[in-house]
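Data block below; observations after.
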Number of protein chains: 2
Amino acid sequence: MKEHRPERPAVHARAKTARPGAADGPDDAGGGAHVTLQDVARRAEVSLATASRVLNGTTQVRPDLRERVLAAASELAYAPNAHAQALARASSQAIGLICHDVSDPYFAAIARGVTRTATEHGLLVMLASTFRDPTREVDYVAMLRAQRARAILLIGSGFEDRAWERSMSAELDPYVRAGGRVAVLSRHRGLRVDTVQPENREGAAALARDLLALGHRDFAVLTGPRALTTVVDRLGGFRDALAEAGVPLPDDQVVEGSFSRDGGFAAATELVRRGSRATCVFALTDVMAIGALSAFRHHGIDVPSQVSLAGFDDIPIVRDLVPSLTTVALPLEGMGERVMSLALRAPARRSRVERISGEVVLRATTAAPPEL
Amino acid sequence: MKEHRPERPAVHARAKTARPGAADGPDDAGGGAHVTLQDVARRAEVSLATASRVLNGTTQVRPDLRERVLAAASELAYAPNAHAQALARASSQAIGLICHDVSDPYFAAIARGVTRTATEHGLLVMLASTFRDPTREVDYVAMLRAQRARAILLIGSGFEDRAWERSMSAELDPYVRAGGRVAVLSRHRGLRVDTVQPENREGAAALARDLLALGHRDFAVLTGPRALTTVVDRLGGFRDALAEAGVPLPDDQVVEGSFSRDGGFAAATELVRRGSRATCVFALTDVMAIGALSAFRHHGIDVPSQVSLAGFDDIPIVRDLVPSLTTVALPLEGMGERVMSLALRAPARRSRVERISGEVVLRATTAAPPEL
DNA sequence: CTGAAAGCGCTTACAG
DNA sequence: CTGAAAGCGCTTACAG
């Protein structure tokens, strides 16, 4: 195909900007320049405008010209420069997805829903993992804003922190003002953006009631960082439902760990160390519950005969655990689809909130409390 | 901040291109235009060039001008247009990551390594899940090429299909010729690009030998689609090692399923249905093994006392399974870092191949075969 | 150190 | 239906 390479125009008004790896001339062996629409037009012997029209299918173009353009594009393996298109059209084909960690099954399932929906709309997903660093989260929003992403999706609990909220708003507000779309999952309403909101409080309360019905009266909770809204809601809902039944949840029965398998392991271990006499333990997320399950096993404590254990989320793997995990099921993949769809809809006068209810699923990690 | 909004120049050589949501004037309530460098320069009363220099820190700029530019940018909440930058600089800040499914723990772990490394280099990751559709894979490469992604990473087994190989090369070759970088994980060498190659064959062979040492002589294998190179290598390595020990692997003891939890469940069920008398089953991936474990349990077959089970990959969860899974451990996150790093290095004369060896980890799903 | 201006690769009203 | 040309928002040699 070398002989097909069109000549660059011999005369430029001024010298071309030198670019690394963009050598012109005969010795472009390693790293030639990209083929441009101009190249295609020249080879098809039509104007730039015509070539553009053919390739975008906007207007009618005479069949023979059309053929020539298509042939030229294919022969040159032309790929339009998305940046130039984005600039000229003032819109991009990408959306941004910010989560804490894609390798966490919870986010992975949601990301699956998001990417599938995005693909259906011909959009590309730019993925960012913050690893729970608030600063990095703000930085990513700035990058996505620079990318003129069509929408920015914030997945995962926000931080209860005024300073963070301010700097986040400082990025988000101008983005929205300029026409950007923002949708979030599991956030406090402080952000005033379209939201998909799992009913954490209600789900945890329903779980508490089912656990009480099993006969439990001594509970412990494995929580994540208190600064996360999800933690506040799930813990609050659980505690309130217990209180309604006249069952207290002593402070020393609430152990904090990170929202991870190891965090759950550590928190459960700490619980054991404290000599907890809880007959039922609620881990605020399934991922923590998995760690707790391992910790109990490690300490020779049988689940559920000695202690019952419940999680929250219903990530795919927990069905296959032995014993299978009791949890509050959330339609994770569907939630991903919902946030993406929400962000694709025209903005509303006031922010929308889609509530997602959780469903308690009693599996094998919970049973009646052991006899005294 | 409304009063700070700089006036647009009153006179244009011709009317501004009308853009949806880009209204000028007083009623830009919903969806104003983005703030541009021009706006910043005007407010700081400097030239465009100076504003650009300050914001990029390239050249020295007089301190007072510098201050003014910085102040203006911050007051206007300026975010540079990455597309314009990409166009002017002829390079972008994004890399593309193509995998089969992010929500699969195997890919999730690798994606984690990739994104972490990308972040360290200030790069954004564009993520695409193909859900194992070869056509979609080629389409994504085209999109990433259009985005002028700095690098394209292909994660996951390729397809043994001439037609697919051709169309993939048709996209990849011009991309590489134009200076794009490509690195792949688990591919056949046909693609001639930098590769991180887990030693599937050797790992499976080592596993076979350890299983033989345990006393097993009757094996079965749960495979994925034969068109995947990973399947060919793992199955081949396993079978060859058995053959070396004079142990056959009958064709009817090799059951094919999809590379997923459900595929593993189905394949194991089929094995049971066939009345297999294998004492040891090798699932080609951990994800399949998880499904198989559930299937055996479902059929009342105890692992490992009645049948031993082994997987491959060592995804994070398998340590927490009960019984914990015997497998061939691959440094998944590290592999993600390696592909990303490979793609960031200058291209070599001939493609590099980094071999990653797997390590057999005997856990609780394997034991000596039951007495006859 | 600073500014005017060309150029990056497209799209699209405007005038045939 | 087609082409010449402006404009999208930046960067960066070039000439002070």
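The sequence lines fix the lettering, A, B, ..., with proteins before strands; numbering per chain opens at 1. Quick caveat, the model's predicted, so the values are computed rather than measured.
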Residue-phosphate contact under 4.0 Å: Ser52(A) side-chain N/O, dT11(C) OP1/OP2: yes
Atom pair CD1/CE of Ile155(A) and Met340(A) - distance to nearest 0.5 Å: 9.5 Å
Whole-Å gap separating P (dT12(D)) and CZ (Arg53(B)): 10 Å
Paired and unpaired positions of DNA chain C as dot-bracket, Watson-Crick or G-U wobble under 3.5 Å, | denoting a partner strand: |||.||||||||.|||
Distance test, side-chain N/O of Gln38(A) to OP1/OP2 of dC10(C), below 4.0 Å: no
Nucleotide of dG9(C), dG3(C), dC10(D) approaching Leu37(B) most closely (side-chain heavy atoms): dC10(D)
Position toward the 5' end of DNA chain C (nearest nucleotide), Arg148(B) or Val61(B): Val61(B)
Residue Ala88(B), side-chain atoms from C-beta onward, closest of dT2(C), dT11(D), dC1(C): dT11(D)
Short side-chain N/O contact to dT2(D) OP1/OP2 from Ser47(A), under 4.0 Å: no
Nearest-angstrom distance from the residue atom CZ of Arg66(A) to C1' of dC1(D): 13 Å
N or O in side chain of Asn81(A) less than 4.0 angstrom from dC8(C) OP1/OP2: no
Least distance between heavy atoms, Arg145(B) atom then Ala77(A) atom: NH2-O, 3.1 Å
Separation of dC1(C) P from Leu65(B) CG (nearest whole Å): 11 Å
Distance below 4.0 Å between Arg89(B) side-chain N/O and dT11(D) OP1 or OP2: yes
His34(B) NE2 - dC10(D) P separation (whole Å): 10 Å
Short side-chain N/O contact to dT2(C) OP1/OP2 from Arg62(B), under 4.0 Å: yes
Distance in angstrom units between Glu67(B) CD and dC1(C) C1', rounded: 16 Å
Ion pair check, Arg136(B) and Asp139(B), cut-off under 4.0 Å: no
Nearest heavy atoms of Asp101(B) and Arg112(A), plus distance in Å: OD2-NH2, 2.8 Å
Mutual orientation of the aromatic rings belonging to Phe107(A) and His100(A) [parallel < 30°, tilted 30-60°, perpendicular > 60°]: perpendicular
Spacing between Arg68(B) atom CZ and dT2(C) atom P, to the nearest angstrom: 9 Å
Nearest non-hydrogen partners of Asp39(B) and Thr36(B), listed with the distance: OD2-N, 2.8 Å
Phosphate OP1/OP2 of dG3(D): any Thr50(A) side-chain N/O under 4.0 Å: yes
Under-4.0 Å side-chain N/O to phosphate OP1/OP2 contact, Gln85(B) with dG9(D): no
Atom-to-atom span, CG of Leu48(B) to P of dG7(D) - whole angstrom: 15 Å
Nearest heavy-atom neighbours spanning Leu97(A) and Val125(A): CB-CG1, 3.9 Å
dT12(D) to dG16(D) separation - C1' atoms, rounded to the nearest Å: 16 Å
Atom-to-atom span, NE2 of His83(B) to P of dT11(D) - whole angstrom: 14 Å
Approximate separation, where rounding is to 0.5 Å, of Asp194(A) CG and Leu344(A) CG: 11.5 Å
